[in-house]
Asker: 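Below are the structure tokens for one structure; questions will follow.
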Amino acid sequence: MRHPQLNRHGELTHLLTTEGLSRALLMRLLDRIETLMPQATQSLDPSICLQGKKVSLHFLVNLCEDDRLTQQRFVRAAEQMSAEVQKGDVWRDCDILVTRHASSGAPFELAQHLPSHVHLINAGDGCHADPTQALFNAYVIRQIKKDFSNLTIVIVGDVLHSREARSTIHALTTLGVPEVRVVGPHTLMPEGLAQFGVRAFTKLSDGLSKADVLIVLPPPQAAVVGTHIPSLREFELAYAISKEKLSCAQTDCLVLTPHAVSHMMVDRESTHLAVNMAVMSLLAGASS
Amino acid sequence: MKLLIKNGRIIDPASGVDVVGALCVAEGRIVAVGPIPPEFKAERILDATDKWVLPGLVDLSAQLSAPGFSSQEHLETEMRAALAGGVTTVVHAPEAQAVVDTPACVRAFNACFDWVRPINIYPLGAMTLGLAGQGLTEMAAMVEAGCIAFSQADRPVLDTRMMLRAMQYAKTVDVALWLRPQEPWLSQGGVAASGAYASRLGLPALAVEAETIALQTLLTLQRMTGVRLHLCRLSSATALAMVRAAKKEGLPITCDVAVNHLHLTDVDIGFYDSNFRLDPPLRGQRDRDAIRQGLLDGTIDAVCSSHLPITLELKQRAFEEATPGAIGLELLLSLVLKWAQDTRTPLVEALKLVTAGPSQVLSKCVSAPLPGVLCVGAQADICVVDPEAYWMVNRENLVSRGINTPFFGRELSGRVQVTVLRGEVAWELRL
């Protein structure tokens, strides 16, 4: 069965998930992000331009700060590429549709009903996928660590409810990362992690042993406090990162948190911008 | 009408008859099987050359009305869908939208279906008032009004004491309980069977223990009370192993499975196709294999359609928001035949699961005459099937208002040509 994000020629027509993307395609995306990095903050090279294209955003969630930030990043990326950002329920008339939905799989249902000229970017669906965040993580790791093939990468937090975790795991395993670990309590671990190619740990010190990269997920949402974990305080006692806890990781361990990257060379906002521009330009067929 | 069906391969799994010959019908009953009595003068003759002549199918679980499909017109359409599938007898579960929980409701239910000249419908009454799991219904009076057994549909009972009392009372009234094992808390919120695939899709998972813990409770209470129990739509290998052991122990239990679970597993959900959003959910290959084994070794007594028509508006949504369920009346026979072909199961054994098998389950709830048999004296509920006819499951070929089936767009073999109900031709396929 052909993946709905690929057309019959195997080209990317939507970006719904990192799962199922080939290594070649992922590398192409990372290369494009690298090309666009200088463009993200300067004037755009006219050859990479979405002039005349329309971008529409539909975030069918109760907007929180993260949702607004994500929206702003996509709007800035579209504007940087001279695309027109549309408002309102005009998604059938746009060229690129960016969605975020509370239910896993919603973009797949939507993609089936879109006109063929509309390209869909999934900005997050339920607990399932956040491909642009995964591309961000993969790009930063490549920039600092250069080579995926000898890394131990650890993801800490509420993996069960994290679309970032799932998308990042798929991207990293496809890119050849030999060891991907997740750390968290059993109550916040999905089943079948071994089939994802991932090792699970409940003790932070065990999971962090000799880690090259640490990805810290956002704190568990209020809805799981009391049902999955007794309190945020106890969760932080076990899983919050500190200099002391990082001592069992590699000395040059790269740490990515929701608000910062430990390496000074990485400008978060420029990188997010470049990721969004890269995805939009690839889907819309702009040359570079 | 005096009806003669000639030259067909007459297959009656109940008696083991498998012979090419004639079947004669008069005054709503079968009067001869095999040779034609010399004095029989048919008013209508059906030539069933190269066709199978089967008992009308017996479906132990079908809902003929559902949200968006509850008008009289819709009921008639779903009845015709049943006939198009060769189904002449249906056990109708109590519905959340119109709960049958009093004798008056039973009479109203029967009156409603009488008006549309139905197939044979056996209503299940609600075990508790409003299916709320709190107050017992007047089981004795409802049996008097026409219920054959009692059920909680898909609503779990929260209070185990209530379940115990319901079993004790049902035993008092000498009536069976038809229950689907569902642990009330573990079954909340899950939309896909727990496992690697649900994790991959980021879907809320439904642990298999939601079925097995509840089943353990039901079997324990059943041993305490001695009530007759029919377990509906089992879906897991562990549950079937428990039923196998319980039957070996001699407990008076029977069980059925939904026809879609003979074929499909969780990975068939693919890219969130909500036609595969079912209840119980599709499980792993091990569970599907256990179901297939259970059908062969007699652990499972019947296969049902679990028919539930759902509007496009309720189905074409994100997977976890879509209403679970699928139509199945028109696919029941084809899917059972497909299973028989795939597993090289003898035809008679396969057909038993939709005729004599469910008939045997019903025999514990209703007095004779039983449906699903082709013998002299039986009510003439018959279907004539072309085993070589292939048909596409699409809007044009489906009679049901719903098109929600995982097999939509697939080609199946074995198509009902004629359905006879109480001796009258009630359905003929027109191409």
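Proteins come first, then strands; the chains are lettered A, B, ... in the order of their sequence lines, and each starts at number 1. What's counted below: heavy atoms across the whole structure, side chains too, no hydrogens, waters or symmetry copies. Owing to the predicted nature of the structure, the values given are computational and were not obtained by experimental measurement.
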Asker: Using the side chain to side chain contact (heavy atoms under 4.5 Å, CB included) rule, take B:Gln316 and A:Gln112 through it: C-alpha gap first, then chi angles, then the decisive distance, then the call.
Answerer: CA-CA 10 Å; B:Gln316 278 182 352; A:Gln112 288 181 50; over 6 Å; no
Asker: Quick check: are there more than 12 heavy atoms from other residues, nucleotides or ligands sitting under 6.0 Å from CZ of B:Arg395?
Answerer: yes
Asker: Please report the closest heavy-atom contact between A:Arg166 and B:Gly202, naming both atoms and the distance.
Answerer: NE-CA, 3.7 Å
Asker: For each of A:Ser162, A:Gly105, A:Gly192, A:Pro190, tally heavy-atom pairs with chain B at distances under 4.5 Å, and name the one with the top tally.
Answerer: A:Gly105
Asker: Answer with side chain, backbone, both or neither: which region of A:His3 has an atom nearer than 4.5 Å to a non-hydrogen atom of chain B?
Answerer: both
Asker: With only heavy atoms counted, which part of A:Glu109 is less than 4.5 Å from chain B, the side chain, the backbone, both or neither?
Answerer: side chain
Asker: Might you confirm whether atom CZ of B:Arg244 has over 12 heavy atoms from other residues, nucleotides or ligands at distances under 6.0 Å?
Answerer: yes
Asker: Report the C-alpha distance between A:His101 and B:Glu321 in whole Å, list the side-chain angles of each, state the deciding distance to 0.1 Å, and finish with yes or no for side chain to side chain contact (heavy atoms under 4.5 Å, CB included).
Answerer: CA-CA 12 Å; A:His101 200 287; B:Glu321 295 170 11; 3.4 Å; yes
Asker: State the OG-CZ distance between A:Ser103 and B:Phe319, to the nearest 0.5 angstrom.
Answerer: 11.5 Å
Asker: Hey, is CD on B:Glu411 packed in by over 12 heavy atoms from elsewhere, all under 6.0 Å?
Answerer: yes
Asker: Taking every non-hydrogen pair under 4.5 Å, which of B:Arg200, B:Glu320, B:Arg317 racks up the most with chain A?
Answerer: B:Arg200
Asker: Considering only heavy atoms and a distance below 4.5 Å, find which of A:Pro107, A:Ala102, A:Pro4 pairs most often with chain B.
Answerer: A:Pro4
Asker: In terms of ring plane angle, is the pair B:Tyr272 and A:His128 parallel, tilted or perpendicular, where the classes change at 30° and 60°?
Answerer: perpendicular
Asker: May I ask you to name which of B:Asp273, B:Leu201, B:Leu203, B:Val191 has the most heavy-atom pairs under 4.5 Å with chain A?
Answerer: B:Leu201
